[in-house]
Structure formats: structure tokens, C-alpha cells
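Throughout, protein chains are lettered first and strands after them, A, B, ... in sequence-line order, and every chain is numbered starting at 1.
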Number of protein chains: 2
Amino acid sequence: MAIKPVPIEKAYRLLNHGPTTMISAKHNGIENVMSAAWVCALDYAPQAKLTIVVDKIAYTRQLIEKSGYFAIQIPVAKQAELVMAMGQSRKDVPHKLDRLSLFYQDGFDLPLVRDCAAWLICKLIPEPHNQQAHDLFIGEIMAAWADERIFADGHWRFDQVPDELRTLHYVAGGQFYLIGKGINLA
Amino acid sequence: MAIKPVPIEKAYRLLNHGPTTMISAKHNGIENVMSAAWVCALDYAPQAKLTIVVDKIAYTRQLIEKSGYFAIQIPVAKQAELVMAMGQSRKDVPHKLDRLSLFYQDGFDLPLVRDCAAWLICKLIPEPHNQQAHDLFIGEIMAAWADERIFADGHWRFDQVPDELRTLHYVAGGQFYLIGKGINLA
């Protein structure tokens, strides 16, 4: 398994098909990870941007606001139970991170969850009105990487990987769908 | 095929798994429809909201800004060519809507595309800074409906329909994936 950089202007393609994500952040040495379905591409050039929705009760929110950075990771089917576990609040499950294996990429002090399909590191573009009124945060994508078995040359390769490496798409109440068959109309 | 209302507070579930959409709008009798992958739930209660990203060059954008309303529809696999066609600009393909069959729901002057899986009617929440700086529009969900074969009782039923009724998830360059297998961790 090799993790390869994804060009910034193509990073939106990691999100375009609507996968469920996990958001991570760190401030003053405290790391956290939360599951999030409401993450969306916002632009690819000249500034690559994305939006995330993070409730005021989320522990991760203050880490993002204080540090000015967050990371998005795109988990795969074999991590479905982990995604459910990271959907619980750290306040209710103080040791929830014990289930995770985290790693760091050079140059960024942001914890990343191992064994995901892809990762995007974002710098918060402060928009206090959006954050307060809508729980909506905008990030500039500073770097991105993907597991080259699953995403390479700017495209997902789901038809070439086992089901356990397909992305997860959450509905509600523990119900997910995996991404399915590809079609190409080019 | 029966179209049934979806309770407003559950309408986010139509978008939660990240389907590619088509956005429609109407002003002064002029209708338009555009394909859009960057549509995301923003809240479910007390006010159900979603975000859409619409470029300044999109013809639909002025219809939304002038009328204050738009609709989101969630197309299915058999409509993939239609989704590609609606991704072209009306400026380049003036008669692109000739390919579509539109209908209206009582009480809303918004064209809806037939044979989709679901529809959401939204009232624009004006946020001029977001619209200008980020091409980001926020809508309040006023009504929603779904094809009850595909979405019923607050949940998608993709495992019970043929592939042609699965939602589409666009990547880039004509590459889509259909939504796939369900898993339930409840």
C-alpha cells in the first residue's frame, strides 16, 4: 500500500461522489476525530476549497477554531464500525480515540487516520457568520493524498479493488451504502 | 410509481449519501436545469437547510437570485446521459431542455425533472457574501418528495430496486459510480 500525493486542483474528486468522511483536528496537543457526512467540495481553482458542517456541541469544533486547521479523511468499508464509533461524542466516550491508529504527514501537525482511502489537509478560511449562524466552515485544501490502489491519476478505481476498500456513504441509523459499479460516458 | 412526500426533518437523508443532483429554477417564465455534484445537507431542524455551489457563469444562477427559489432533484442511473447533457451550458446548447420532461407540484412554481428518485424545493436564504465570494448558496428546504420504490419510511431501498434506479455519483470526465451494496450496523 502506497500513499501518493493528489494534485490540489484534483482534490475535489476525492469528495465529488459524496463519501462519508472523518474530520480530525488538533490543538495544544489534544487530538480528536469525528465522523461527518456533510462535507462538500466548494472550488478547485484558483483556490481549492471545501465546506464542512460541525455542530456547536462537537468537541472537534473548538480544536478547529483554535488551531485554524483540520483534516478530512475518506474511510473505506472495512472501517464502517470505526466510523460509527467516531460518530459518538468524546464527551460520552472519552477514550474513543484508543480504537484508532493515527499518523502524521511531514509539515503538518494534524493527526490522520490510518487505512483510509484518502486525506485532505485544510486551513480554515474564517467566516464567523457562517460558523455561528449555520455551523458551516470553509477550508482551503493545502495538501491531499490517496491510497494509490483506490485513487490514481485523478480517478477512483473502485472497480479494481475488493469491496472492503470501497467508500462508505451514510444515510442514518447505522445504515450505509458502499459505492458501487462504475459507468463511463466520456 | 408513486411520488410520496418526505417529512422535512428527514429530507437531509435524500442527500446524505452524496448523490449527484440536478438543480432547477424558474423566473419570469424561463425554466432551466443544471447538473451539480456540489450539493450538501446543512441542517435538519429546527430549519432544514442545504448548500449548493453555482458558478457565476451558470444561467441557472440568475434564475435563483431573481426568484429566490430553486429545486434539487436526485437522478438515477438510467438518467446518466441526461445528467451529462444538463451539465452543458444553456448558452452553448440553447435547446438542452428539449431532452427533459418537466412537471410541477401543487403550490410551487418550480419545474421538476420527471423520473428522478427524489425532489427538494428550497427557498433561498440570501447570504450575499457567500454567493459573491464562494459561489455558495444556502436554501431552506420547504418540501420534499421521493419515488416510494426507492426511498420510503425515511430510508433508501437501493437493495430492492434494479440498478437503473440507483443514484449516480459523479467523479469527473464522464465517470460516474452507482450507489452499491447496503450495510446496516444498527
Side-chain angles (χ1 to χ4, degrees), chain A residues 10 12-21 37-44 47 49-53 55 77 80-81 83-85 87 125 127 129-130 133-136 138 151 154-156 158-159 163 166-186, chain B residues 10 12-21 37-44 47 49-53 55 77 80-81 83-85 87 125 127 129-130 133-136 138 151 154-156 158-159 163 166-186:
Chain A
K10 289 190 176 162
Y12 76 94
R13 298 184 182 184
L14 300 171
L15 294 170
N16 224 50
H17 71 300
T20 295
T21 75
W38 298 355
V39 170
C40 191
L42 177 62
D43 206 347
Y44 56 90
Q47 191 182 32
K49 298 183 287 190
L50 56 78
T51 55
I52 65 175
V53 183
D55 200 271
E81 290 190 5
V83 173
M84 290 300 289
I125 298 175
E127 290 277 9
H129 168 72
N130 284 335
H134 302 298
D135 297 331
L136 178 68
I138 297 177
F151 183 95
H155 287 275
W156 289 103
F158 295 122
D159 289 333
D163 276 0
R166 289 176 181 266
T167 50
L168 289 162
H169 299 254
Y170 191 60
V171 181
Q175 184 192 26
F176 291 91
Y177 287 92
L178 309 191
I179 198 66
K181 289 182 201 171
I183 54 176
N184 202 317
L185 300 184
Chain B
K10 289 189 175 162
Y12 77 93
R13 297 184 183 185
L14 300 172
L15 294 170
N16 225 48
H17 71 300
T20 295
T21 74
W38 299 353
V39 171
C40 190
L42 177 62
D43 207 347
Y44 57 90
Q47 190 182 33
K49 297 182 289 190
L50 57 77
T51 55
I52 64 174
V53 182
D55 198 272
E81 290 191 4
V83 173
M84 288 301 287
I125 298 175
E127 291 277 12
H129 169 70
N130 283 335
H134 301 298
D135 296 331
L136 178 68
I138 298 177
F151 183 94
H155 286 276
W156 290 103
F158 295 121
D159 289 333
D163 276 0
R166 290 175 180 267
T167 49
L168 289 162
H169 299 253
Y170 192 59
V171 181
Q175 185 192 26
F176 292 91
Y177 287 91
L178 309 191
I179 198 66
K181 289 182 200 173
I183 55 175
N184 202 318
L185 300 184

Participant: So what's closer than 4.5 Å to chain B heavy atoms on A:D163: side chain, backbone, both or neither?
Facilitator: side chain
Participant: Measure the spacing between CG of A:N16 and CZ of B:F176 and express it to the nearest 0.5 Å.
Facilitator: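 Output value for this atom pair is 10.0 Å.
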Participant: Given 3.5 Å as the limit, does a donor-acceptor pair link the side chain of A:Y177 with the main chain of B:W156, or not?
Facilitator: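 Yes: the side chain of A:Y177 pairs with the backbone of B:W156.
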Participant: Which atoms of B:F151 come close to chain A, meaning under 4.5 Å heavy atom to heavy atom: side chain ones, backbone ones, both, or neither?
Facilitator: neither
Participant: Relative to chain A, which segment of B:D55 carries a heavy atom at a distance below 4.5 Å: side chain, backbone, both, or neither?
Facilitator: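 Neither part, no heavy atoms under 4.5 Å.
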Participant: Roughly how far, to the nearest 0.5 Å, is the NE2 atom of B:H134 from the OG1 atom of A:T51?
Facilitator: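 Reported to 0.5 Å precision, the distance equals 10.5 Å.
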Participant: Let's test your reading of the structure: which of A:L15, A:L14, A:I138, A:T20 forms the most heavy-atom pairs below 4.5 Å with chain B?
Facilitator: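 Of A:L15, A:L14, A:I138, A:T20, A:I138 has the most heavy-atom pairs under 4.5 Å with chain B.
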Participant: Tell me, for B:L50 versus chain A, whether the close heavy atoms (under 4.5 Å) come from the side chain, the backbone, both or neither.
Facilitator: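 No part of B:L50 comes within 4.5 Å of chain A.
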Participant: If you measure from CG on A:L136 to CG on B:L136, what distance do you get to the nearest 0.5 Å?
Facilitator: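 Output value for this atom pair is 6.0 Å.
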Participant: Measure the spacing between CG of A:N130 and CG of B:N130 and express it to the nearest 0.5 Å.
Facilitator: 4.0 Å
Participant: Do A:E81 and B:L185 come close enough that some side-chain heavy atom pair is under 4.5 Å?
Facilitator: yes
Participant: Enter the distance from A:I183:CD1 to B:Q175:CD here, rounded to the nearest 0.5 Å.
Facilitator: 10.0 Å
Participant: Of all heavy-atom pairs between B:C40 and A:C40, which one has the smallest distance, and what is that distance?
Facilitator: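 Looking at all heavy atoms of both residues, the closest pair is CB-CB, 3.7 Å.
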Participant: May I ask you to test the B:K181-A:R166 pair for a side-chain heavy-atom distance under 4.5 Å?
Facilitator: no
Participant: Between A:H17, A:R13, A:H129, A:K10, which shows the greatest number of heavy-atom pairs under 4.5 Å with chain B?
Facilitator: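 The answer is A:H17.
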Participant: Any idea which of A:A37, A:A133, A:A41 has the most non-hydrogen atom pairs under 4.5 angstrom with chain B?
Facilitator: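 Highest number of pairs under 4.5 Å: A:A41.
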Participant: So what's closer than 4.5 Å to chain A heavy atoms on B:V53: side chain, backbone, both or neither?
Facilitator: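 Contact with chain A is through the side chain of B:V53 alone.
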